Amino acid sequence: DYVKESNIQSQFIKSFIYSIQNELNDYFKLISFLRKLNSNPNQNLNNGKRSQNLNLKNILLWTLVPKETLKWIANCCEAIHPLKGTSILSQIYSFVHYGGCNNYLNKILNEVSKPFINFVFNWIKYGELQDSYKEFFVDILNGIKEDDIWNLQYQLIGKNVPNFMKREPTIKIFEVGKCIHFIRNF
C-alpha cells in the first residue's frame, strides 16, 4: 500500500522503495525454497549434501529473520508515510541509532542515504544543485539583484537538515558549495 499511495515525488522515497523491493525479493526466494521443499520432500536441494527436512523447527528457524525484517519494513513504512525529503532519512537513522539495529535497517539506511550523499557531493564539488523535489538543505533563489547575490541568492533550509548532522559541518557544506557555485557562475 505504501508504494501505491506514495506519489514518489522524492529521491528518498525512491531509494526506500528500492530497498524494500530488495528485501521482499529475498523473502520471496525463501517462500519459493520452502514451497520447493514441500512439493519434493525427498529431492536433494543442497548440491550433493544431505537434504533439508521441512519440519516446524526448520520453518521457524528459516523464517525468524525474515519475519523480523517484515516487521521493520511495516514500522518504517508507517513512520515515514507522512514524511518528505531528508525527514525520511532522519527517521530511518533514528530507528537504526535508537531502535534495535539489525542488518535490514542498516541496508535501508545505506540505500536511503545515497540521494543525500549525491546532493552533498554535487554541491561541494561542482556547486551544482540537482534537487528537483526541493529535498536538500540548500536552495538557490533566482531573480536576485547582482549586488545582493552573495547574501540573498543562497539559502540554508534548516528543516531539510537531517537530524544526525551537526550545525558546523552543515554550514561548511553550505558555504563550500556556495563558493564553488558563485565562482563557476559569476
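Here the structure is a predicted model, which is why all the values come from computation and not from measurement.
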Let me confirm one number: the CG-CH2 distance from N118 to W123, rounded to the nearest 0.5 Å. 15.5 Å
So, are E68 and K71 salt-bridged, with charged N and O less than 4.0 Å apart? yes
Can you list the other members of the hydrophobic cluster that holds L64, where links are side-chain heavy atoms under 4.5 angstrom apart? L60, L61
Mind checking what makes ring-ring contact (aromatic ring centres under 6.0 Å, His included) contact with Y93, not counting sequence neighbours? H97, F164
Return the set of residues passing side chain to side chain contact (heavy atoms under 4.5 Å, CB included) with D148 (not counting sequence neighbours), or none when no residue passes. I144, K145, L152
Using the side chain to side chain donor-acceptor pair (under 3.5 Å) criterion, which residues pair with E128? Sequence neighbours excluded. Q130
Taking only residues at least two apart or on different chains, which pairs with a member in residues 106-124 satisfy salt bridge (Lys or Arg N to Asp or Glu O under 4.0 Å)? E23-K107, E111-K114
Answer yes if the side chains of Y133 and K14 hold a donor-acceptor pair under 3.5 Å, and no otherwise. yes
Not counting sequence neighbours, which residues clear side chain to side chain contact (heavy atoms under 4.5 Å, CB included) with L24? List them please. I20, F28, L70, I73
Tracing side-chain contacts under 4.5 Å among Ile, Leu, Val, Met, Phe, Trp and Tyr outward from L56 reaches none
Which residues pass the side chain to side chain contact (heavy atoms under 4.5 Å, CB included) test with Q155, sequence neighbours left out? D139, L141
Only pairs at least two apart or in different chains count here, so list each salt bridge (Lys or Arg N to Asp or Glu O under 4.0 Å) that has a residue in residues 151-174. E168-K172
Residues two or more places apart in sequence or in another chain: which of them pass side chain to side chain contact (heavy atoms under 4.5 Å, CB included) with V65? T69
Pairing donors with acceptors under 3.5 angstrom, does anything connect the side chains of E135 and S10? yes
Which other residues end up in the same hydrophobic cluster as Y126, if Ile, Leu, Val, Met, Phe, Trp and Tyr are linked when side-chain heavy atoms come under 4.5 Å apart? F121
Contacts of type ring-ring contact (aromatic ring centres under 6.0 Å, His included), residue F12, not counting sequence neighbours: none
Are the aromatic rings of F186 and W150 close, with centres under 6.0 Å apart? no
